[in-house]
Every structure is written in structure tokens, then in C-alpha cells.
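To keep things clear, I will list the structure first and then write my remarks on it.
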Amino acid sequence: MARSKAASKKQQKQQQKRGVDFKKIKRKLGRKLPPPKNATNTEVKSKAIVLPEQSVASEKAGLAVSKKGLTLKELLQQTSHHNSKVRRDALMGLKDLFQKYPAELRSHRYAVIEKLRERIGDDDKVVRETLYQLLKTVVFPGCKEDNQGPFVSLMVAYIFNAMTHLAVDVRLMAFKFFDLVVQYYPPSFSLYADKVLQNYEDILRKNQFYLEDKAKLRSALAGLVRCLSLLPCNKRKVDSSEENMAGQKILHAFELDMPAESSGFSSITKKLKDLVPVLVNCFQDFFPSVHHMPLLDAQSFDCMHSILQSIDLVVGFFGYGIHQGKPASQLSYEGPDEAIWDHTISSLLLKKLFGVFPLNPTNHLSEKVDDRFFILNIVITEIFLRCSEWICPPGFLLEKFLQYIENALLGSVRPAVTHGPVKQFGRNIYFFCCLLFQSLCCKWQVIGSLVFFSNCGANHNNGILQAFTKIFEGCNPQSSLKLACLSAIEEMLIPGDDMVYPDASDPLFEYQITWIRALPQLLILLGDKHPSSSQVVLHLLLRLGQCANSSSPFSREYENMQYSLDKFYSSCVDRGDVYYGPFIRLSWDSQELAICGLYYFSNLGPFLLKSIAFCCLCSELEHLVLFRIIEVLHSAFSAGHIQIADYISFFMTLLSRFKVLPENIYPDVESDAKISNRGTFKLLTNTVCSCLSRIGDDSLVFQILEQVIFDQLLLKPPLDNACALLRVLVVLDCKPTRLSEQGIITLSKYLSGYLFEVVHCIPEDDEENSLPTHQQTCCYYMLPCFFLFDRSPKLLKLVLNLMGSLITESSSSPSSHSYTQYGNDNSNQINAVVSALLLMHKDTKVRKIISSFKEEVVHILQIIHSLQWYTIMLDNF
Amino acid sequence: MELLIASSSVADAGIGCWDLESGAEQLRYKSCASPPHGLACVGQRFLASSQLREQPSASSGSILYWSWSKVEVKSLPAEPIKPIAANSHGTYIAGGGQSGDIYMWEVASGRLLKKWHAHYRAVTCLVFSQDGSFLISGSEDGCVRIWSLLTVFEECESQRASHLYLHSFTGHTLRITDIVIGYGGVSATIVSASEDRTCKVWSLLKGRLLRNIVFPSVIDAIALDPAEHVFYAGSRDGSIYIAALNAESPSTSSYGMHIIGSLSDHSKAVTCLAYSTGDLLISGSEDGMVRVWDPITHNIVRMFRLAKGPVNNILVVRRPLYLNLGSFSNPHTSSRRHGSQLPPPLDKYVTSADEDVDNKGVIRLPSLYNAPRDASYISHRTIDNHLKELQQQGSSAATEMEVERLKHECNRTLQMVQQWKKMYENLHEFCVNELLDGDQVDGSKRNAV
């Protein structure tokens with residue numbers, strides 16, 4: 001050090017010697033200039049530096065951390081790290097963190113999304129993929145419940161940015177992201193439809209470049225399909241979604257303005273119109289690959305399928321728009337066809353899409369490929385049917401399509417379908433066919449079958465209908481294919497808005513009749529194991545009934561259906577042996593539908609009524625259903641759909657055949673509701689009475705009923721049924737009785753027995769502890785008799801006389817018990833008579849009447865007295 | 001001052017009319033058997049009622065008019081009409097036929113304006129919206145349809161659209177028994193009752209179901225609370241259920257969802273309901289009684305006996321002022337006086353366009369509700385006469401003017417003629433002079449030569 005100092009001093013001297021002019025100041029390296037004398041010392045010195053929270057462990061104790069021990073803040077910072085691996089790791093870490101601490105996501109979701117959205121346009125493929133996974137698996141599901149509007153709007157700007165990125169990969173990925181957004185927040189499509197469609201258009205325009213990367217394109221196209229499927233294209237679907245709204249709790253609630261459900265879509269018509277040619281061109285670009293490659297690989301198939309589906313949806317939307325215009329016809333709709341439907345599009349479709357139909361594989365290599373072509377063709381056909389309404393296709397084209405549909409329905413396009421491992425797939429194809437057929441039917445409705453038939457030879461239609469009928473009849477009743485068929489049939493059977501029925505000359509009519517005839521059979525085949533299918537059939541039957549008025553050609557078919565429907569309710573196999581149909585075990589909804597269908601038979605005959613009556617008598621049937629049946633039948637009767645004789649005999653059957661369980665009355669009245677159906681029967685009696693009294697002129701009804709009821713009574717029905725019949729009689733009767741002379745005599749014979757029976761069945765307790773319930777029970781059974789006595793004193797007289805003579809009769813010939821099986825014994829007989837008299841005596845009104853027949857009562861008492869004396873005499877012996 | 005009018009299906013009970021405040025019976029028209037929904041008050045001027053057929057063999061039922069003073073006009077439509085309805089001004093009467101057709105008559109002329117196929121099955125009830133721009137019809141097939149009269153009557157619109165109706169509600173499975181519509185014009189709420197035991201609340205604006213209420217029994221009649229908080233549903237089991245329209249009802253209600261309570265006096269089935277502006281609910285029952293309820297206390301305020309048979313219709317109308325009790329005591333004089341007041345009977349068929357030139361009606365809207373008792377119609381013919389007169393008057397004036405003009409022209413022409421004559425004479429003179437002068441010159445020249 002000292003030496004160097006000396007050396008430097010020397011050098012300095014040498015320099016100074018060199019000259020004054022070029023004074024070279026030489027700075028010494030590695031040595032600081034001495035500070036100037038007046039310098040202020042700025043150094044701060046302290047003994048120790050205290051850094052708070054130096055320790056890693058203590059810092060993160062309360063915070064959520066990822067596996068690698070990083071907090072949310074750190075991870076978010078790392079997502080914008082310049083190293084792609086760090087970014088990816090950060091994203092993985094976030095996923096990790098949110099999975100462990102979902103609350104963390106909820107509280108910081110805006111901060112998180114603000115950071116994450118920057119990565120949508122990330123250059124690195126892996127990072128984007130990771131981000132996609134993160135959003136898909138964690139972020140979106142986690143934020144589902146919240147208000148997603150602002151959340152989505154934060155992202156969308158970046159997605160659109162990425163859609164116009166230079167790198168193709170990024171662009172395609174952006175569509176995938178948008179697809180994800182739409183999946184979780186469907187309204188976002190209608191909000192940004194304009195921009196999205198524009199972007200799709202741009203990218204599809206240059207599709208030649210991306211044909212290599214079909215996987216990406218496929219996912220993008222799938223996104224397009226998802227977006228377009230949000231367009232309102234099917235009126236029925238819209239309706240059904242509205243039906244579900246009916247359950248809402250508040251009626252006049254303030255309704256949120258859903259983001260532009262209707263207005264938004266109307267504005268994008270133009271964009272969609274631009275999109276169609278692009279899609280068609282894109283589809284054409286796939287052609288070479290179809291024709292030159294031996295195999296249609298899965299990816300190009302998917303792409304083509306998506307493209308076709310998109311076209312289909314767009315065309316459907318146009319159609320929906322046109323239909324929408326119709327009901328609101330007051331609004332200005334100057335030629336909606338021109339406004340919505342452009343002729344350039346129709347010519348384009350005609351030339352480029354329908355022209356190449358049907359697509360055929362160049363060589364039949366595998367069934368799989370065939371199936372793929374088949375599906376593509378089906379979708380093209382669907383598009384064709386959708387837009388055939390507006391573009392008036394030339395005849396040969398129509399011919400071609402109809403031929404194809406027919407072949408498809410017949411299965412001749414794919415003969416291998418019916419057997420082999422692809423059977424399941426084949427069924428799907430049938431399913432497609434049925435859907436197709438359904439849309440075909442819609443078209444029939446729209447165009448009007450006449451026009452349609454004149455356009456193309458009737459032979460094709462016949463063929464199609466035949467093929468369809470064959471499928472309908474051939475398929476398994478439980479299968480979903482049957483359901484599809486049914487909905488197609490509904491479309492064909494129920495006349496549309498114009499309410500025009502097909503006439504009998506129409507070839508369609510013949511098939512319609514065939515289908516209608518198959519329905520009851522199907523219902524019985526379905527049994528009670530497939531409630532949903534049964535419900536569909538029943539609903540169809542109801543709809544059919546609703547529109548089958550006398551002017552409809554189906555009315556006769558509907559009428560005849562009652563002869564095949566009986567097995568659905570119940571049928572008598574042998575004498576007294578009843579086989580119950582599936583009706584009893586169906587759900588309440590289906591039963592309701594079936595019952596409502598009964599109303600629409602314009603002449604509900606005794607045949608079906610009998611079957612229903614057996615059903616009603618079945619103890620398994622819910623009593624609510626029983627009353628519902630009566631209610632509907634009453635409505636049908638008052639509408640003139642049931643003959644009065646049939647109606648009355650239906651009720652008589654119910655009352656006289658209803659099995660009341662348990663048979664003995666007395667054990668306990670409180671257990672009525674639980675075990676026995678006596679309560680139900682009482683209700684039934686009331687209902688029947690009110691129905692009968694509502695028929696109209698009571699005296700006429702009484703005349704009709706009188707003999708019927710006597711006939712029933714003489715058959716000695718169980719006590720409850722007899723009581724019910726008597727009640728009916730009482731309800732229709734009036735104060736001076738309407739009973740005929742002969743009737744009174746017949747009735748008196750019966751009533752004396754009836755009184756015995758009542759008294760016998762309801763054993764009387766001692767006077768003291770006779771319960772009020774017991775009295776009520778007595779009252780219930782005695783009351784109709786009392787009413788009858790009140791109205792016709794003559795009846796009472798006859799009954800009293802008969803009672804008296806019964807005692808003598810039984811005493812004279814103990815073996816013969818003509819009227820009652822209980823009166824084996826004299827004492828029994830006498831007991832019964834006495835208690836019956838006592839019961840009558842208890843009722844104040846009857847007491848008054850009975851007092852006018854003193855001699856008859858005295859006569860009875862005398863007989864009893866003499867008998868007693870007689871027995872005492874016998875005993876004495 | 002409100003009058004309660006009730007009609008029954010039993011012919012000898014006919015139509016009864018009571019003062020709602022005093023309970024005094026005012027009128028009774030015998031021999032009127034009206035079906036449900038078959039009674040309408042036409043513009044507060046008179047009553048119209050469709051009639052049940054006496055026997056099924058009769059070819060068609062009739063529609064009767066009853067003025068306040070017992071004069072009737074009978075019309076025979078082409079097919080039996082059961083439900084009828086009139087718009088609030090009494091301009092039109094709509095009737096629903098058994099075949100599902102709806103007929104629309106103009107009251108003043110009796111002309112059948114339009115008949116169209118509305119339903120698959122018989123029409124069971126018809127209601128006009130408050131402003132008379134919509135007609136709502138219910139049918140036996142369970143379908144409720146809403147018709148905008150604009151669309152129905154405009155030829156080109158009806159041809160272009162695939163269907164005439166504005167909305168078609170097919171939610172009910174059985175016959176529609178009653179329909180009511182609330183206030184609010186195009187955004188009104190519609191409530192329909194059906195034999196399938198349900199009442200459904202629909203939105204007119206959106207055309208969709210808002211609420212479905214299942215009742216314990218079939219509902220035959222409904223009445224809307226003026227504030228539209230609740231509606232009353234008269235059921236076949238004899239009670240009147242109160243169903244909520246806006247409030248969220250507790251699900252613990254013993255009757256079912258949305259049903260708040262019930263009014264009941266254990267009578268027979270309720271067949272019709274009406275709500276008066278005096279906050280009274282009026283129900284007609286199958287036993288022929290009309291009961292007036294206080295809906296707040298659930299008590300019966302009054303009872304009227306109409307008939308032995310069921311009461312089918314109840315109307316509450318404001319009492320026309322000119323209808324004083326004197327006219328009841330002496331119906332004959334008043335009938336003579338106002339006999340001509342009722343419009344002509346309704347036509348059977350739609351008349352073709354060239355035929356009906358003569359009998360168009362022009363309706364003067366009633367400016368004051370209670371104003372003149374002769375507030376009837378001026379027939380189109382009067383207007384035609386007026387027009388003709390006007391034309392005639394106009395033409396005479398025009399001819400006068402024409403004559404004036406012609407006279408003027410004549411004068412002018414005469415003057416012209418005079419002028420021309422003068423000119424001609426001048427010319428002639430001049431020419432003659434010239435000639436004479438020339439001759440003189442020539443002669444002098446020749447002489448000179």
C-alpha cells in the first residue's frame with residue numbers, strides 16, 4: 001500500500017512535467033476522492049435493524065396458502081411473471097388454493113378475475129390451457145350463485161381482445177373461453193351477440209388456414225352451436241319454459257329486465273344473415289377431405305356436424321321470427337319474409353347445401369362412417385324442412401328429400417341397423433327419424449297438407465306414412481322412440497290453429513285412424529309400470545277428445561275407443577271375478593287426465609260405465625279419485641253425454657255393491673276413518689244424493705228410481721247399502737209421499753225386516769251408559785225410516801202390523817223365518833220389536849205419529865203379553 | 001244506487017230485480033230461463049238474455065231483450081246461443097254457439113257483423129275486457145281464447161295471420177265455467193275457472209300462466225275484488241273460497257295453496273258471484289237464494305229469494321235515474337211510452353255487403369250516463385238522409401252560382417260581340433274609304449295619263 005502510494009506520487013510528478021497546456025488529470029482507480037471538507041455526513045447509523053415479520057411461519061399463520069406456501073396475493077402477482085413456467089405454477093397454485101379455501105374465492109373474486117383475465121391472451125399455450133381448467137373447474141362453479149353480470153363483463157373485454165389476436169391459437173382458445181362463459185352465464189351471449197358473431201364470421205372466413213388444426217376449430221364450432229342454441233327457435237320450447245314459471249310465488253312482482261331477451265335478438269338478424277354464407281362455405285371446404293380421404297375422421301365429422309347444426313339453428317331462428325310476427329299482427333310487419341328471409345341465403349342454401357345432398361361415402365368401409373354420413377344427411381334434411389316453407393324448393397329437390405326420409409324411416413339406408421353391435425346407435429337413428437318426421441308434420445300443418453301433396457307425388461307421402469306407422473307399431477312401448485312417435489302423432493292428429501280437419505279422402509286420414517286405434521291398446525300394454533309414458537298417451541287422448549266434436553272426422557273413432565278402453569279401468573273375467581286395469585295404480589295426475597278424458601265422449605255408454613263402476617268399487621282406489629270420477633261424470637251427464645238410465649244405474653251399482661268394511665257396525669265408531677271405509681261410504685251416499693237431486697225434476701227421477709231401488713232392496717243388501725238406498729229415496733221424496741200404493745206395500749215388508757236388522761246389529765246397551773256415538777249410529781240408520789214414516793203414516797201402520805204378525809208367525813212356526821235370519825228365537829224377536837218401538841218412541845216427531853196408531857202398538861203389546869203368558873205357562877209345565 | 005239483477009234457469013222465476021240498499025224488490029220478469037252466463041245488461045239500457053231451449057227438439061234457442069219496462073224483443077239466432085256478453089257501452093252483443101262459433105251483433109241495427117269459428121266445442125262463457133277491445137271466450141274443451149276485436153274485424157289481418165286469436169290458453173282439462181278480467185287494459189289479469197277444480201290466473205300482456213290454484217271442489221263462479229288483491233271462487237260444495245292474487249299465502253292454509261279462507265253457510269252449490277261497488281259480495285246459489293255478503297266480516301247481510309231452481313246469473317248495475325218507482329206501479333203506460341226504445345231483433349245470418357247498406361247503425365255514445373231516456377240510436381238512414389239533404393242543398397247553391405257565372409259570361413260575350421261589331425264596322429268603313437279614295441286616285445292618274 002505504501003509502495004503504491006509512492007509510485008503514484010511519482011507518476012503525478014511525471015505528468016506535471018509533461019506540460020502545462022495539456023494537463024492531464026489522472027484519477028486514481030479504486031480510490032475514492034476524499035470528501036470535501038464541508039460535506040455533511042448523511043449516513044444514518046443505528047445499532048440494529050428491526051425488520052418486522054421476518055419469520056415465514058408467523059407471517060402466514062392465519063392466511064390461506066397454496067401447497068407451496070404462497071398466499072393469494074403472491075400467486076396473483078406471479079401470474080404476470082415473465083416466465084411462463086412461473087405463471088403456470090401460479091395458476092396451478094390458485095386452483096389449489098381455491099379448492100382448499102372456497103371462501104377465499106368468494107371474497108376476492110373481482111380481484112382474482114381482474115388478474116386472471118390478463119392471461120386469456122397469454123402467448124403460452126400451456127398457460128392458457130391451465131387457465132381454462134382453472135376457470136372451468138374452480139372459478140365459475142364457485143361464483144355461480146352470485147350476480148354474474150359484472151363478473152362476466154370484466155372478462156369479456158379481454159376475451160374479445162384475444163379473439164382478434166394475431167396468433168391463431170390464441171384466437172381459437174378465446175372462443176373456447178367464451179363458450180365457457182356462455183355455459184355458466186347464458187345471457188352473456190345475447191349481450192355480446194353482435195361482437196361474437198362478427199368474430200366467428202372473421203375466423204371462419206379464413207378457415208382454410210385452420211383446417212389442419214381441426215381439434216381447435218371443432219371446439220370453437222361447438223361453442224358457436226351452444227351460442228346459437230340460445231336463440232329462440234322453437235316456439236314450443238319457449239312455451240314449456242314459461243309453463244314452469246307458473247309456480248312462482250309472487251304474481252305481480254317486479255321483473256328484472258333480463259338482458260335483452262327479445263330486443264337483443266332482433267338486432268342480430270343481419271349478423272346472422274352474414275354468418276350463413278360463411279358457414280356454408282366453410283362446410284364446402286370440408287368436402288375435399290370427405291371425398292379424398294377414405295375415412296371421414298371424427299374431427300372433421302364433428303366440425304361438419306357443428307356447422308350444419310349452426311345453420312339449422314340460424315334457419316330455425318329466422319323461422320321463429322317469422323312466426324312471431326304473426327300473432328302480433330297489429331304490429332307493422334310489412335312483408336316479414338323479405339325482412340328476415342333473404343333470397344340470397346335461400347339460393348345459396350339451394351345451390352351449395354341441398355345440391356350436394358345426400359352425402360355419400362365414396363366407399364363403404366365401416367358402419368361407423370356410414371352412420372356419420374347418415375347423421376349429416378339427417379341434419380341437412382332438417383334444415384331443408386325448416387326452410388322449405390319460404391324458399392319453395394323445386395319439385396325434384398322435394399322428391400329427393402322425401403325419398404330420403406322414406407328410406408330412412410324404412411331403414412333401407414342402413415340395413416345393418418337392426419342387428420349387430422350398433423343396434424343402440426340404430427335406435428338413435430330411428431329417434432332422429434321420428435324427430436324429423438315430427439318437423440315434417442309441422443310443415444304439413446303450416447303449408448296445409450293439400451299443397452304439400454300436390455307438390456309431390458302422393459306415393460312418397462304414403463310411403464313415409466307407412467314407414468312411420470310401421471316404426472310406431474313395431475317399437476317397444478316403453479322406449480323413448482315410442483314417445484317420440486307419440487309426439488309426432490300428436491302433431492299430426494290435433495288440428496292446428498286454423499282448425500281444419502283432414503277430410504276422409506286425404507291419404508293421411510287413413511293413417512290417423514290407425515294411430516288412434518292403436519292408442520288404447522298401447523295404454524293397456526304400458527300398464528302401471530311406465531307412468532310417464534302412460535301420462536303422455538292419456539294426455540294425447542284428452543287432447544283428441546277435446547277437439548273431437550261432432551263435426552270432426554275423429555269423433556267416431558273417439559267414441560269407439562270406449563269399447564277398447566274398458567280394460568284400462570277394469571274388466572269382468574268371470575262371474576264376479578274382476579280384473580283391475582292399470583288405472584287404479586297410476587299416479588294421481590294420470591288418473592285425473594284419464595277421468596277428464598271421459599267427459600269428452602259424446603255418448604258414454606253403459607259398457608265403459610260398468611267398467612268404471614267396478615273400478616270405483618275397488619277398495620284400493622283412493623276415495624278422492626272416486627269422488628272426482630263422480631264429479632266428472634255428473635258434468636258429462638249435465639252436458640248430455642250420458643243417458644239418464646245409464647247414469648242412474650251407475651249410481652245404483654255404486655250404492656248397492658259398495659263393500660263396507662268391517663261388516664259389523666258397532667265395535668267402534670271412532671276408528672271409522674282409520675280402518676273402515678264406512679266414512680267414505682257415507683260421503684259417497686251424500687254425493688250421490690246431491691247428484692241425483694241435481695238431475696232436475698225430482699218427481700220424475702223418483703218415479704224412475706222407485707222400482708230400481710225396491711228391486712235392489714229385495715235382494716237384501718248389507719245394512720249400510722240398504723240404508724244408503726233408503727236415503728236416496730228420502731232425498732228425492734217430498735212431504736206427502738210420492739210412493740205409489742204398491743210401493744208402500746213392498747216397502748213396508750222390507751222395512752219391518754230392516755228395523756229388526758238395525759236393532760240387531762246395533763246391540764243396545766243399558767239406558768244409562770248408552771254413548772252419544774251409539775245414539776248417532778242408531779240415528780243414522782233409523783233416520784230414513786223416520787222420514788218415510790213422517791211422509792206416509794200409512795207406511796208406518798203397515799210396518800207396525802207386520803211387526804205384530806211377525807211375532808205371531810215366528811211363534812206359531814219357529815222354523816220358518818221369512819224376513820229375518822236373526823229371529824230364530826221368540827225372545828229375540830220380541831226383543832227386537834220392543835227396542836225398535838223404543839227407538840221410534842225416542843224421536844219426538846215419530847212419537848207424535850206413532851201416537852195416532854195406538855191400536856196397532858197396543859195390538860203388538862197384547863201379542864207379546866199373550867206370548868209371555870204362554871211361555872210362562874209352558875215353563876210351569 | 002245499485003240494482004241487483006238475478007236470473008234463474010227455471011222459467012217461472014225469470015229475472016228478479018232488487019234495490020241493493022233497501023232490499024226492496026223492484027221488478028220481476030217471468031218466463032225467462034237463462035243458462036249460466038246468459039244474461040247481459042246492454043249499456044245500462046236494457047237486459048238481454050239467451051234462453052234455454054224448452055225442449056230439445058226445438059231447433060234453436062232465442063235471445064230476449066227486456067227493457068226496464070217489460071217490453072221484450074225476441075230474436076232467433078242460427079243456433080242455440082248460451083253465453084252472451086255486451087261491451088260496456090252496449091254497442092255490441094257477442095254470443096257463443098253450441099258448435100264453438102262466436103257471433104257478434106251490432107245492437108243498434110241488429111246486424112250480425114261477424115261469425116267465426118272459435119272453439120272445437122261449445123262456447124261456455126264470454127267476457128269483454130273493460131275497455132271493450134278484447135273478447136275472452138271459454139269453451140267446453142277447456143280452452144280460453146283471447147280475441148282482439150281489431151284483428152277479428154279487419155279482413156286483411158285475419159286473412160294473413162294463421163289464427164285470429166291473440167292468445168290461446170289450453171291449460172284446463174275440462175269445461176271452462178267462468179272467466180273474469182281485471183282492470184288495466186292490455187296488462188290486465190285474467191282468471192279462469194274450470195270443472196277440473198282449478199282456477200288459473202293468466203297475464204293478458206304476456207299471454208302466459210301466472211298461477212294455478214287447485215280447489216277442493218269444482219269452481220262454478222268467480223268474482224274479482226276491485227283492488228285485485230284476492231278473488232272469490234264459488235264452489236260446488238257450497239262455500240266461497242278466497243284466493244290470493246298477489247300476496248304470498250302461507251302454505252299452511254287448510255284448503256290448499258294460495259287459498260286464504262272461505263265464506264260458507266253450508267248451503268247448496270254456489271252458481272254465480274258478483275261484486276258490487278259498495279263492497280258487497282253477492283252470490284247466487286243452487287237453492288234459488290241470492291245472498292249478499294260482507295266480505296270483510298264474512299257475514300250475510302241480506303238474502304233474496306229468486307226461485308226454487310238455481311240462480312244462474314247475477315248482475316249489479318247502477319240504477320238508471322229515470323227508473324223511478326212510479327214506472328213500476330204503472331208498467332203499461334211506460335211500456336207504451338218507451339215501447340220503441342228497444343233496438344230491432346238480432347239477425348240470423350251475416351248479410352252480404354251490398355245488402356246491408358241500408359241498415360247500418362250509427363251509435364251516439366251516451367254523453368251523460370243518466371241523461372235522456374230516449375238515448376237510443378239514430379239509424380244510419382237518418383244520416384243518409386242528412387247527407388242527401390246536404391248534397392241537395394249544396395247542389396242548388398252551386399247551380400245558382402253557375403247561373404250567375406253564366407249570366408256574367410253572357411254579358412261579357414255580348415259586350416265582346418258589340419266590340420267586334422264596332423271594329424268590323426270601323427274596318428269596313430276604312431276599307432270602303434280606301435277603295436273609294438284609290439279609285440279617285442286611279443281615276444285622276446288615268447286622267448293625268
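Numbers restart at 1 for each chain; the letters A, B, ... are given by sequence-line order, proteins then strands.
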Flag, side chain of B:Arg175 to backbone of A:Tyr599, donor-acceptor distance under 3.5 Å: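 No: the side chain of B:Arg175 does not pair with the backbone of A:Tyr599.
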Main-chain N/O of A:Gln546 paired to B:Arg121 side chain as donor or acceptor, under 3.5 Å: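 Yes, because the side chain of B:Arg121 sits within donor-acceptor range (under 3.5 Å) of the backbone of A:Gln546.
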Could you pull out the closest heavy-atom pair between [X] and [Y], with the gap in Å?
{"X": "B:Asp196", "Y": "A:Arg628", "result": "CA-NH2, 3.0 Å"}
{"X": "A:Cys596", "Y": "B:Thr173", "result": "SG-OG1, 3.2 Å"}
{"X": "B:Gly142", "Y": "A:Tyr600", "result": "N-OH, 3.9 Å"}

Euclidean distance, B:Thr198 OG1 relative to A:Glu592 CD, rounded to 0.5 Å: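 So the CD of A:Glu592 and the OG1 of B:Thr198 are separated by 8.5 Å.
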Set of side chain to side chain contact (heavy atoms under 4.5 Å, CB included) partners for B:Asn313, sequence neighbours left out: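 For B:Asn313 the side chain to side chain contact (heavy atoms under 4.5 Å, CB included) partners, ignoring immediate neighbours, are B:Ser7, B:Ser34, B:Leu39.
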Best-contacting candidate, B:Asp141, B:Thr170, B:Val218, against chain A by heavy atom pairs under 4.5 angstrom: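 If we count pairs closer than 4.5 Å to chain A, B:Asp141 comes out on top.
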Validation row: B:Arg236, A:Ser635 side chains within 4.5 angstrom (heavy atoms):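 They are in contact (side-chain heavy atoms under 4.5 Å apart), so the answer is yes.
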Any side-chain heavy-atom pair of A:His634 and B:Glu195 under 4.5 Å: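 With C-beta onward as the side chain, the pair stays apart.
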Chain A contact via B:Glu140 - side chain, backbone, both or neither, heavy atoms under 4.5 Å: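 Both the backbone and the side chain of B:Glu140 come within 4.5 Å of chain A.
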Contacting region of B:Ser168 [heavy-atom separation from chain A under 4.5 Å]: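 Contact with chain A: none, neither part.
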Electrostatic pair A:Glu631-B:Arg197, nearest N-O below 4.0 angstrom: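 Salt bridge: yes.
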A:Ile595 portion near chain B, given a 4.5 angstrom heavy-atom threshold: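 Neither part.
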